[in-house]
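Everything on this sheet refers to the single structure shown next.
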Protein chains: 2
Amino acid sequence: MNNNSVFINKLRSSGLRPTKQRIKICKLLFDRKNTFHFTINHLNNILKNKYVEKISLATVYNTVHAFKKMGYLKEISINSDKSYYDTNVTNHHHFFDENKRELIDLDDKDVGKINIKKVLPGKKINSIEVLVKIANNN
Amino acid sequence: MNNNSVFINKLRSSGLRPTKQRIKICKLLFDRKNTFHFTINHLNNILKNKYVEKISLATVYNTVHAFKKMGYLKEISINSDKSYYDTNVTNHHHFFDENKRELIDLDDKDVGKINIKKVLPGKKINSIEVLVKIANNN
DNA sequence: GATGTAAATTATAATGATTCTAAACTAGAG
DNA sequence: CTCTAGTTTAGAATCATTATAATTTACATC
């Protein structure tokens with residue numbers, strides 16, 4: 001379990017003031033062993049249950065955006081009415097379980113190298129995302 | 001240029017009554033050589049310009065949903081505030097141009113075979129989608 | 001420690017895509 | 001022609017997200 005100073009430093013080093021709201025969200029998102037996939041609504045519910053003092057929904061949005069901008073979170077491409085975020089910002093891919101509507105990590109080794117042969121003049125590749133949609137087998 | 005009877009048959013054969021709205025939308029979507037990528041808003045604007053008699057936005061939504069359900073359209077996974085559709089329903093992948101916010105087809109041969117090595121018990125793979133985000137090179 | 005100010009938080013309103021509703025219309029079977 | 005289930009429609013409702021503007025807070029400077 002990290003103590004707050006880790007997150008305070010992390011925030012300060014990216015030019016974000018370490019407010020109590022941000023520290024709580026940091027603890028929730030980053031003080032864990034495994035990758036965490038979430039929507040804003042999901043995150044907001046956890047925060048509501050975990051703390052008495054409420055964090056405004058606007059702040060949750062602001063904070064997630066700030067963390068995404070700083071590269072601490074990654075937004076995953078799914079056609080959904082909501083945005084999905086991932087605390088694992090390394091290059092990796094996902095299963096999307098269409099029944100549970102949740103993401104599951106895929107290691108790079110489970111996918112293999114993706115080699116895009118087409119080149120568009122004047123354009124550079126920013127990211128390559130593989131989404132494998134899965135569903136119950138019956 | 002296909003004549004309407006092609007689309008009337010196509011609609012009838014999928015249990016959809018060939019209304020004048022659906023026929024117009026069919027002509028716009030499927031009477032073309034190349035793949036067509038669009039959002040509902042985009043499609044609606046084209047319809048407004050092309051025909052005097054207006055088609056209600058609700059009908060455009062209904063029709064696109066019906067065509068998707070019948071497998072005539074494919075929805076593409078992008079994290080966007082809008083949904084993107086593709087008239088090319090074969091297995092293929094996409095570039096997404098983050099400046100123009102538009103899709104560009106990638107042939108299977110431009111991507112190569114994707115082989116997912118991880119298997120989840122009780123789950124089957126429905127689709128594998130590769131999205132390559134690109135941006136201006138400067 | 002007090003003070004000033006830019007940054008952050010907040011409740012709430014606004015927006016925009018999508019879905020719902022219920023009334024009016026229409027294709028097509030009989 | 002008539003009947004009915006399927007469609008279309010305008011507009012309302014919903015839901016995620018973003019904007020707004022007032023209040024609060026972090027923290028640099030005194």
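Chain letters run A, B, ... following the sequence lines, proteins first and then strands; every chain starts at 1.
In this structure, A:Lys54 reaches the C:dA11 phosphate: one of its side-chain N or O atoms is under 4.0 Å from OP1 or OP2. For the pair A:Thr59 and C:dT10, the criterion of a side-chain N or O lying under 4.0 Å from OP1 or OP2 is met.
Inter-residue side-chain proximity for A:Val64 and A:Tyr72 is flagged as unmet; no heavy-atom pair is nearer than 4.5 Å. Residues B:Phe67 and B:Ile25 meet the side-chain proximity criterion, which asks for heavy atoms closer than 4.5 Å.
At a non-hydrogen distance threshold of 4.0 Å, A:Arg17, A:Pro18 from residues 14-24 of chain A come into contact with DNA chain D.
A donor-acceptor pair shorter than 3.5 Å cannot be found between the side chains of A:Asp110 and A:His92.
The separation between B:His65 atom NE2 and C:dA17 atom P is 14 Å, rounded to whole Å. When rounded to the nearest whole Å, the span between CD of B:Glu75 and C1' of C:dT18 equals 11 Å. In this structure, A:Phe38 places its CZ atom 16 Å from P of D:dA16, rounding to the nearest Å. A straight line from OH of A:Tyr61 to C1' of C:dA8 spans 18 Å, rounded to a whole angstrom. For B:Asp81 and C:dA14, the CG to C1' distance is 15 Å, given to the nearest whole Å. Rounded to a whole Å, the CD1 atom of B:Ile40 is 8 Å from the P atom of C:dT19. Between the P atom of D:dA16 and the CG atom of A:Asn45 lies a distance of 11 Å, rounded to the nearest Å. Distance, B:Glu53 CD to C:dT26 C1': 13 Å, rounded to whole Å.
Note on A:Asn62: a base of the nucleic acid sits closer than 4.0 angstrom, heavy atoms only. Heavy atoms of B:Ser83 sit under 4.0 angstrom from primed sugar atoms or phosphate atoms, though from no base atom.
For the pair B:Asn41 and A:Ile55, nearest-nucleotide mapping onto DNA chain C gives the more 5' position to A:Ile55.
Between A:Phe7 and A:Phe30, the two ring planes are tilted [angle within 30° to 60°].
The A:Ala58 side chain lies nearest to C:dT12 when the options are C:dT9, C:dT12, D:dA10.
Looking at A:Asp107 and B:Lys118, no side-chain N of the basic residue comes within less than 4.0 Å of a carboxylate O on the acidic one, giving no salt bridge.
A ring-centre distance under 6.0 Å is found for B:Phe96 and B:Tyr84.
Residue B:Phe36 comes nearest to B:Thr87 through the heavy atom pair N-OG1, 2.7 Å, listed as atom of the first residue, atom of the second, then distance.
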